[in-house]
Amino acid sequence: MLATAIAAAVLLIGIVLAYGIKRFSLGDSVTLIALMIIPLLAYGVVSGDISEFTGPGGWGAKFREEAKKTIDPIPISSSIVEGEFVAKGDFVQLENVDRNLAPGKPVSMTLQLGRGDYYQAPVIAEYIRVLSQHDPDMSVVVIDPAGKYVASAKGSVVLALLTDNRNSEQISRLMAVLRGSDPAAIRTVGGFSDKSIADTASNVDALQKMQSENTARLVAITAAGVPEGIVLRDMIVTRLLVELAPEDK
């Protein structure tokens with residue numbers, strides 16, 4: 001329906017322009033024919049039936065299937081500090097994590113519910129500070145004891161929460177939630193959300209959800225609910241632009 005509406009609108013505009021060209025002798029029959037063909041091309045492009053078309057003078061436009069392809073999340077194994085949990089006062093482990101991070105890659109820190117007093121607020125805060133130097137937009141991903149995705153938050157938001165000495169109550173609340181194993185509890189902490197997307201979703205699905213959720217990244221999860229990786233809006237848009245760019249002859 002959308003494709004038909006767009007084609008009809010372009011056709012109406014084409015008729016008006018054609019009348020003007022004919023009435024005031026502003027063009028020839030080639031121009032008139034082109035104006036009548038454009039609506040058909042518009043319909044084909046919008047509906048996806050046309051993948052490529054070219055015109056006189058070397059002008060061309062390409063419609064690729066990249067938007068329909070399945071998302072390609074950055075794997076957890078290379079982007080998330082998986083297994084490198086924050087131990088009490090263990091900054092040697094943090095130094096090892098810092099050295100092993102690949103330059104220019106998104107970073108996320110994984111925290112697991114139900115680990116008792118294993119996590120300490122000052123240590124989590126220090127981890128976020130260090131990891132943010134590699135990725136200012138890093139995420140904190142929370143999983144349950146079985147490894148399934150629960151929620152996530154921006155690292156900067158969690159850091160602000162943990163270092164706000166004027167509100168020690170919220171720090172105690174976050175740490176109490178991490179000690180427990182209730183997935184619903186972490187979602188009540190400010191900044192945390194269960195936003196995610198299936199790893200089988202398409203690029204356009206991801207972009208639409210990012211737009212509706214007002215976020216630039218989403219956690220991709222498997223059918224079993226396990227976080228697989230991070231999907232970035234910038235990377236999807238870059239792929240689309242690369243696919244739409246004309247190939248060098």
(message) With a 4.5 Å cut-off on side-chain heavy atoms, are S139 and V219 touching?
(response) no
(request) State, with a plain yes or no, whether a side-chain heavy atom of V150 is found less than 4.5 Å away from one of F192. (result) no
(message) Using only atom types and a distance under 3.5 Å, with no angle test, would you say the side chain of Q112 pairs donor to acceptor with the backbone of I143?
(response) no
(request) Identify the two heavy atoms, one from A151 and one from R187, that lie closest to each other, and give their separation to 0.1 Å. (result) CB-CG, 4.2 Å
(request) Can you measure from CG (L161) to CD1 (I124) and round to the nearest 0.5 angstrom? (result) 10.5 Å
Only distances under 3.5 Å count here; give the side-chain donor-acceptor pairs of residues 152-159 to other protein atoms, sequence neighbours excluded, each with its distance to 0.1 Å.
unit_1, atom_1, unit_2, atom_2, d
S152, OG, Y149, OH, 3.0

(message) Show the nearest heavy-atom pair for residues I171 and A121, with the distance to one decimal.
(response) CG2-CB, 4.0 Å
Run the side-chain donor-acceptor check on residues 176-186: report pairs under 3.5 Å with partners two or more places apart or on a different chain.
unit_1, atom_1, unit_2, atom_2, d
D182, OD1, A184, N, 3.2

(message) Tell me the closest heavy-atom pair linking L207 and R233, and the distance in Å.
(response) CD2-CG, 3.8 Å
(request) Verify, without hydrogens or angle tests, whether K195 (side chain) and M210 (backbone) share a donor-acceptor contact under 3.5 angstrom. (result) no
(request) Supply the atom-to-atom distance I74 CD1 to L232 CG, rounded to the nearest 0.5 angstrom. (result) 4.0 Å
(request) Quickly, which of V231, I236, T70, D72 forms a side-chain contact (heavy atoms from CB on, under 4.5 Å) with N203? Name it, please. (result) I236
(message) Whether the side chain of R217 engages the backbone of D137 through a donor-acceptor N/O pair (distance < 3.5 Å, no angle test) should be reported.
(response) yes
(request) Could you tell me the separation between the CD1 atom of I128 and the OG1 atom of T163, rounded to the nearest 0.5 Å? (result) 9.0 Å
(message) Would you say that more than 12 heavy atoms from the other residues, nucleotides or ligands in this model lie under 6.0 Å from the CG of N167, or not?
(response) yes
(message) Restricting to non-hydrogen atoms, name the atom on L131 and the atom on M109 that form the minimum distance, rounded to 0.1 Å.
(response) CD1-CB, 3.9 Å
(message) The criterion is side-chain hydrogen bond (donor to acceptor under 3.5 Å, both in side chains); which residues satisfy it with R129, sequence neighbours excluded?
(response) E126
(message) Is there a side-chain contact between I221 and K148 in this structure, where contact means two heavy atoms from C-beta onward sitting under 4.5 Å apart?
(response) no
(request) Might you point out which heavy atoms bring A198 and I71 nearest each other, and give the distance in Å? (result) O-CD1, 3.4 Å
